[in-house]
Amino acid sequence: MNSPILSLKTKLIGLLATVAVGSTLHAASIIVPNSSFESPSTLPVGVSTTIDSWQKIPKPAYFDETAFGIQWAQTAGIFFDTNPYANHDGIQCAYMLSFPQVTLFQDATSGFNATYGVGQSYTMTLGVFGKSLTPNNSLQLSLYYRDAGNNVINIGTPTTITYNPATFPTTAPLNLVDYSVTIPAVQAGDAWAGKSIGIMIQVTASDFNGGYWDMDNIRLTSVPEPGLASLAALGLCAFIVSRKTRRS
């Protein structure tokens, strides 16, 4: 009498366990405004120092525009990719000249209104290519939030990209190299739970030799904490098995 029920239980548990495992692997995409730097159009000039939806930090004290021969606003912008990266997204990319503190960022202050959800981990990925640089140059990717004082607070450990010519070969065709930064699942007690998501790209080291970083195709994903998905599936499993047992 009990063998059909036990068989049914076993099948249901196996099926729902598979669902639980599969659900932990599902990453949801979060739309980042102007994620591939297509706006505004750079044509017919080919370059723009204004990037819609992205912000820059104010000029730091060390940056003498007369000495460097360029304005701070010109240290980051977008360009029409005439000699295209094979894996670019769209027709434009962004650039950042290798001067310390050159920064591009987005959060709620620029209209990016996504928030950190409890039980979700987050990963930001960016395609990057370094040109005319040395190993003394580095770029940093980070996820952050703003505290009650509106201060930018990094979450977890930022990812540092240190230039290496072997990583960025200049033989055609050129390909952007993906780098990611990930933060662990948000807990209810975390200061950033429910706060607006902030994403940042910043030059952290430079030898001032005129090199630059090209980049394109920002991707931001969230993944549910494995425990939450598994518990939900197992709870559903127990409910179904209970109903089937009572009916039998």
Side-chain angles (χ1 to χ4, degrees), residues 32-38 47-63 68 70-79 81 83-90 92-107 110 112 122-145 152-170 174-183 197-221:
V32 175
N34 202 17
S35 61
S36 63
F37 308 107
E38 299 300 306
V47 177
S48 171
T49 58
T50 299
I51 313 174
D52 291 343
S53 301
W54 292 89
Q55 298 187 65
K56 305 175 184 180
I57 67 170
K59 180 174 72 69
Y62 86 86
F63 194 86
F68 288 119
I70 60 171
Q71 298 177 352
W72 178 250
Q74 296 174 301
T75 59
I78 54 179
F79 64 95
D81 196 15
N83 184 23
Y85 288 100
N87 58 343
H88 69 179
D89 182 46
Q92 297 184 169
C93 297
Y95 72 87
M96 297 174 72
L97 302 187
S98 189
F99 291 101
Q101 300 180 58
V102 172
T103 305
L104 293 175
F105 69 94
Q106 278 198 47
D107 57 32
S110 52
F112 179 37
Y122 293 84
T123 297
M124 178 180 73
T125 302
L126 175 68
V128 175
F129 199 93
K131 287 182 175 177
S132 303
L133 297 169
T134 72
N136 296 319
N137 294 262
S138 63
L139 191 70
Q140 181 175 277
L141 309 180
S142 59
L143 291 164
Y144 68 89
Y145 75 101
V152 170
I153 310 295
N154 283 339
I155 303 172
T157 303
T159 293
T160 297
I161 305 166
T162 301
Y163 178 77
N164 184 326
T167 306
F168 304 107
T170 55
L174 299 183
N175 279 277
L176 298 156
V177 181
D178 275 355
Y179 288 89
S180 299
V181 58
T182 298
I183 62 171
I197 295 174
I199 57 178
M200 182 177 290
I201 313 161
Q202 185 175 64
V203 176
T204 47
S206 168
D207 54 13
F208 299 95
N209 281 338
Y212 57 98
W213 300 92
D214 287 343
M215 59 201 68
D216 195 28
N217 194 16
I218 285 270
R219 285 143 285 166
L220 182 62
T221 58

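For the numbers below, each heavy atom of this structure counts, side chains included, while hydrogens, waters and symmetry mates do not. These numbers come from a predicted model, not from an experiment.
- Here the closest non-hydrogen pair linking Pro33 and Phe112 is CD-CD1, 3.6 Å.
- Side chain of Asn87 to main chain of Leu176: a donor-acceptor pair is present (N/O by atom type, distance under 3.5 Å, no hydrogens or angles).
- Thr204 and Ser138 are linked by a side-chain donor-acceptor pair at a separation below 3.5 angstrom, with hydrogens and angles left out of the test.
- The side-chain contact (heavy atoms from CB on, under 4.5 Å) test applied to Asn164 returns Ala166, Thr167, not counting sequence neighbours.
- Put simply, CG on Asn154 and CD on Gln140 are 6.0 Å apart, with the number rounded to the nearest 0.5 Å.
- Using a 30° and 60° split on the angle between ring planes, Phe68 and Phe208 fall in the parallel class, below 30°.
- There is a side-chain donor-acceptor pair under 3.5 Å between Tyr85 and Asp214.
- Taking each heavy atom of Arg219 and Gly127 in turn, the nearest pair found is NH2-N, 3.6 Å.
- Nearest heavy atom pair, residue Val102 against residue Ala76, reads CG1-CB, 4.0 Å.
- Here the OH atom belonging to Tyr122 is positioned 9.5 Å from the CD1 atom belonging to Ile155, to the nearest 0.5 angstrom.
- Every residue two or more places apart in sequence or in another chain that forms a side-chain contact (heavy atoms from CB on, under 4.5 Å) with Asp52 is listed here: Asn34, Ser39, Pro40, Thr50.
- Atom CD of Gln202 is separated from atom CE of Met96 by 7.5 Å, given to the nearest 0.5 angstrom.
- Between Tyr62 and Gln101 the shortest side-chain heavy-atom distance falls below 4.5 Å.
- Asp178 has its side chain out of reach of Asn217: every pair of non-hydrogen atoms, C-beta onward, lies at least 4.5 Å apart.
- Ile161 and Trp213 make their closest contact through O-CH2, 3.8 Å (heavy atoms, listed as atom of the first residue, atom of the second, distance).
- The minimum heavy-atom distance linking Cys93 with Asp81 is given by the pair SG-OD2, 3.7 Å.
- Taking NZ from Lys56 and OG1 from Thr49, the interatomic distance works out to 5.0 Å, rounded to the nearest 0.5 Å.
- If you take NE2 on His88 and CG on Asn175, they are separated by 10.5 Å, rounding to the nearest 0.5 Å.
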Candidate pair Asp107 and Gln55, rule side chain to side chain contact (heavy atoms under 4.5 Å, CB included), full reasoning: CA-CA 9 Å; Asp107 57 32; Gln55 298 187 65; 4.2 Å; yes
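- A donor-acceptor contact shorter than 3.5 Å is absent between the side chain of Thr159 and the backbone of Leu141.
- Here the side chains of Ile199 and Leu143 are in contact, with some heavy-atom distance below 4.5 Å.
- Between Phe99 and Trp72, the ring center distance fails the sub-6.0 Å criterion.
- Aromatic ring orientation, Tyr163 versus Phe168: parallel (interplanar angle below 30°, classes split at 30° and 60°).
- Ser36 pairs in a side chain to side chain contact (heavy atoms under 4.5 Å, CB included) with only one of the listed residues (Ile78, Ile218, Asp89), which is Asp89.
- When the options Thr75, Thr134, Asn209, Asn137 are evaluated for a side chain to side chain contact (heavy atoms under 4.5 Å, CB included) with Ser98, the one that passes is Asn137.
- In this structure the side chain of Leu126 never reaches within 4.5 angstrom of the side chain of Tyr179, judged on heavy atoms.
- Here the closest non-hydrogen pair linking Gln106 and Val32 is NE2-CG1, 3.6 Å.
- For the atom pair CD of Gln92 and CZ of Phe79, the computed distance is 9.5 Å after rounding to the nearest 0.5 Å.
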